[in-house]
Peer 1: 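Once you've had a glance at the structure underneath, I'll fire off some questions.
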Amino acid sequence: VMLCSSVALSLFAQDKEAILALARMGMPASLILMELLNVCDWADDYMDDYAEKERNQFVPMPSPEELETVRGILESCAFAMWGSAQACISPGGGSISIKDMHTFCLFVLDLCDTLQNVGTTRHSCAGALAVLCSNREIADKVMADAPEISVEEEAAPDEDEPDVRHDTARTAIQRLMGSTLNASQEHDAKTGKKNRHSSGEKPQFKSITTATAIAALGWLAYHSEEPEGELSLIGLHRNKLADGGSISTVRGTLETWSKPDGGGREVENVGCATIMLLCTVTKLLPEKDVADVVWCLEKVYATNAFATNWACAGIWALARTPAHRETLLRETNVLMALIEVMEFWKDKMVLKKNMQVVCLIGLYAIAAMWLLMTEPEEKHLQRGLHVFSEMEDSIWAVFPGNPRGVDPSSRPVPSLRIVEILVELIQMNITGPPQAHVKEVAIGFLWHLVEKDLGLEAHAMEQELVVPLHDIGINENLPTSLRLLSLNFLQDLAQNAPNIKIMGDHVLVEKICVNFISSGIPELEERGCQGIAHLTGCNPATKAVKVSLLDRNTARLLVAIIKRDEYLPCQRFALIALFNISNETQCNVEVCTVGLHTLMGLNWKLEDEEALWLTCGILKNCQANPANRVRLYKAELEYKHKMVEIEKVHQEKVMPKTRKTSADRSEKKSVDKAESVIDEEERQQRELEKLRLLEDTPQEKRTRAEFLIWANKEFQNK
């Protein structure tokens with residue numbers, strides 16, 4: 001009867017809504033769980049008693065059929081407890097008190113000492129524990145510090161009250177993991193006799209029970225101040241769990257269950273995820289625990305992508321702390337382990353199978369190496385590209401970057417291989433956002449490495465780094481942040497003279513900058529204008545660069561940006577770039593042709609002194625070329641005439657029609673005032689030049705040409 005009832009309960013407990021319906025009727029899920037626990041406790045005691053009688057050869061012995069019936073009751077009620085636990089954490093389920101929670105944990109501890117085969121009972125109890133620990137409120141209760149008790153209570157404890165002064169949940173979880181470790185051995189190591197824990201137990205439940213018990217531990221470690229962001233790295237109970245030796249316990253389970261052929265995958269996944277959470281502790285871990293994390297990575301990286309991801313994330317979390325970083329480098333071979341991981345997984349990032357997880361392996365491995373190869377007091381040394389520093393011969397100069405160290409003796413042994421791996425990642429074909437993110441972190445780390453060591457920079461250039469960076473910059477399908485980073489790195493490499501020969505001058509940087517200013521994306525446009533301002537500033541090959549840029553229609557694109565209503569940093573950089581280009585005589589005719597009217601229009605309305613200075617400077621550079629004088633003169637007259645028209649319209653709106661005569665006089669004064677800007681001598685000179693350049697008939701042109709040829713010969717003879 002008890003067996004049939006317990007089986008019925010196990011089926012009933014699979015329906016969470018049915019249990020919640022009972023809770024609404026006044027029977028909370030925790031009450032059902034505790035009633036089931038009483039039956040399980042009775043069945044467990046029965047089996048312990050049976051083992052004792054068997055050991056002492058008690059006569060008469062209960063029948064084996066009765067023992068199997070009790071085992072069935074135990075398994076069914078334990079499974080029903082798992083379902084009741086799920087209802088306890090659901091809204092309206094009634095939760096569970098700390099007293100009941102500790103009673104349940106004490107039963108689990110007792111169950112772990114049972115010598116008889118208990119079938120799936122340990123698995124169900126581990127599942128119930130994991131479910132209960134996934135609830136933050138319950139986890140806070142079971143992980144709370146022990147309450148203070150009086151001397152009288154210590155001397156006369158209540159036998160009916162469970163001992164809540166100890167962390168029974170954590171102990172029960174670790175004992176469950178330990179009991180499954182024992183159950184994995186078919187024969188007792190000391191006596192050589194068949195292990196009672198293993199007798200009759202299905203093999204698949206051995207590793208699954210271990211994984212489920214680790215999951216309960218992982219849920220206790222999971223709870224943090226916030227579910228996402230930086231605060232998610234601050235666990236509420238991780239320090240306590242780490243103090244209890246949880247990392248070494250999980251490592252022990254991995255050592256038992258992890259197989260070279262990929263066996264024990266569930267244990268590896270949950271174990272490495274739990275270790276990753278415990279690696280975010282805010283206290284210093286023992287050296288053994290730190291070494292255990294690296295051991296886990298070396299154990300799983302060749303067979304299990306998911307576990308490798310968590311193990312790499314754990315090392316990254318440890319490397320965030322300088323003390324742990326020092327321990328990792330001193331006590332383990334962590335860099336070589338991470339290199340082996342990248343060697344194994346880098347080519348698999350382009351495959352569709354598990355692409356997201358494999359790319360996460362790359363992200364965490366690169367981030368961990370980046371932290372491990374950064375000194376604690378070292379600041380990020382990226383050289384900023386200052387757009388200009390001072391005036392020099394009418395060209396806005398650019399300071400070179402900070403000098404990099406050239407002593408290769410301080411270079412870590414694996415640095416060259418790390419550089420090669422990073423370049424290979426940058427060369428990787430991109431099929432989705434995960435690979436783009438990997439490329440972005442790889443470029444950042446490589447930039448950090450080469451800016452400190454010219455030897456590493458030369459090695460990176462030998463690996464054909466430049467063209468992939470260029471391809472990233474001009475690829476419109478990639479994230480803006482990645483494209484910006486590629487240009488920054490490429491332009492930084494161009495500051496080192498030996499790299500210019502490999503890069504083929506500044507052509508690749510030019511292409512990216514022109515692509516940026518024509519993209520229509522504000523961030524890219526600003527960076528493109530800044531890059532062109534840098535290229536056309538203090539650069540030994542400035543003239544060639546300016547001519548090359550004009551061939552790419554750069555002047556017209558810059559003018560289109562300058563035309564915009566608001567004066568933003570993008571327009572500022574565009575004016576600087578156009579100013580630099582206009583300083584070259586061979587280029588300012590094109591600048592004058594496409595930008596004269598825009599620049600003169602800006603001159604009338606700009607209030608920013610720097611912008612006004614720049615527009616005047618561009619016009620002055622254009623004026624210095626005789627080929628631009630007529631165009632400038634005509635434009636000036638047009639704008640003066642426009643100003644007169646504007647003044648006239650303004651006067652007509654303001655003054656009454658009856659005072660038309662006065663308006664006519666005002667108009668005449670305005671014209672006189674505008675025309676008086678040009679002094680009489682300059683006016684006469686410009687009028688004569690204008691007459692000379694008027695369109696002539698073909699006969700007049702031929703006559704003038706013949707006269708000039710004759711006059712030139714006479715001048716040479718004299």
Peer 1: What is the minimum heavy-atom distance between Cys529 and Phe573, and which atoms define it?
Peer 2: CB-CB, 3.6 Å

Peer 1: If we ignore angles and hydrogens, is there a donor and acceptor under 3.5 Å between the side chains of Asn621 and Asn588?
Peer 2: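 No, no side-chain donor-acceptor contact under 3.5 Å.
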
Peer 1: Run the salt bridge (charged side-chain N to carboxylate O under 4.0 Å, His left out) check on Arg483 and Glu523 step by step: do they pass?
Peer 2: CA-CA 10 Å; Arg483 297 176 66 189; Glu523 298 90 343; over 6 Å; no

Peer 1: For side chain to side chain contact (heavy atoms under 4.5 Å, CB included), just list the numbers for Leu422 and Met342, CA-CA rounded to whole Å, side-chain angles, deciding distance to a tenth of an Å, and then say yes or no.
Peer 2: CA-CA 9 Å; Leu422 293 174; Met342 291 304 301; over 6 Å; no

Peer 1: Is the NZ or CZ atom of Lys346 both under 6.0 Å from the centre of the six-membered ring of Phe344 and within 45° of that ring's axis?
Peer 2: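 No cation-pi geometry.
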
Peer 1: Please name the pair of heavy atoms, one in Ala577 and one in Thr536, separated by the smallest distance, quoted to 0.1 Å.
Peer 2: O-OG1, 4.1 Å

Peer 1: Mind listing the closest non-hydrogen atom pair of Asn429 and Val350 along with its distance?
Peer 2: O-CG1, 3.6 Å

Peer 1: Looking at every heavy atom in both Leu338 and Cys312, which two are closest together, and how far apart are they?
Peer 2: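 Closest pair (atom of Leu338, atom of Cys312, distance): CD2-SG, 4.4 Å.
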
Peer 1: Should Ser519 and Glu476 be marked as a side-chain hydrogen bond (donor to acceptor under 3.5 Å, both in side chains) after you check the CA-CA gap, both sets of side-chain angles, and the distance that decides it?
Peer 2: CA-CA 8 Å; Ser519 66; Glu476 297 178 358; over 6 Å; no

Peer 1: If you compare all heavy atoms of Asn515 against all heavy atoms of Ile474, which two are closest, and at what distance to 0.1 Å?
Peer 2: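 Heavy atoms of Asn515 and Ile474 come nearest at ND2-O, 3.8 Å.
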
Peer 1: Applying side-chain contact (heavy atoms from CB on, under 4.5 Å) between Leu469 and each of Leu487, Val423, Ile443, report the one that passes.
Peer 2: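 Output: one option passes, namely Ile443.
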
Peer 1: Show your reasoning for whether salt bridge (charged side-chain N to carboxylate O under 4.0 Å, His left out) applies to Glu510 and Lys546.
Peer 2: CA-CA 10 Å; Glu510 291 174 21; Lys546 292 177 181 177; over 6 Å; no

Peer 1: Scan side-chain atoms only and decide if His506 and Gln491 contain a donor-acceptor pair under the 3.5 Å cut-off.
Peer 2: no

Peer 1: Using the side-chain contact (heavy atoms from CB on, under 4.5 Å) definition, which of the options Leu550, Val547, Thr554 pairs with Glu590?
Peer 2: Leu550

Peer 1: Would you call the rings of Phe445 and Trp370 parallel, tilted or perpendicular, taking 30° and 60° as the class edges?
Peer 2: parallel

Peer 1: With sequence neighbours left out, write down each residue that passes side chain to side chain donor-acceptor pair (under 3.5 Å) with Glu464, or none if nothing qualifies.
Peer 2: none

Peer 1: Any carboxylate oxygen within less than 4.0 angstrom of a Lys/Arg side-chain nitrogen, looking at Glu230 and Arg320?
Peer 2: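 Counted as a salt bridge, because a side-chain N and a carboxylate O are separated by less than 4.0 Å.
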
Peer 1: On a heavy-atom basis, which atom in Ala460 and which in Leu465 lie closest, and how many Å separate them?
Peer 2: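 Scanning both residues completely, I find the closest heavy atoms to be O-CB, 3.4 Å.
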
Peer 1: Keeping the roles fixed (side chain from Ser518, backbone from Val514), state whether a donor-acceptor pair exists under 3.5 Å.
Peer 2: yes

Peer 1: Who are the salt bridge (charged side-chain N to carboxylate O under 4.0 Å, His left out) partners of Arg631, not counting sequence neighbours?
Peer 2: none

Peer 1: Looking just at side-chain N and O atoms, do Ser232 and Glu226 make a donor-acceptor pair shorter than 3.5 Å?
Peer 2: no

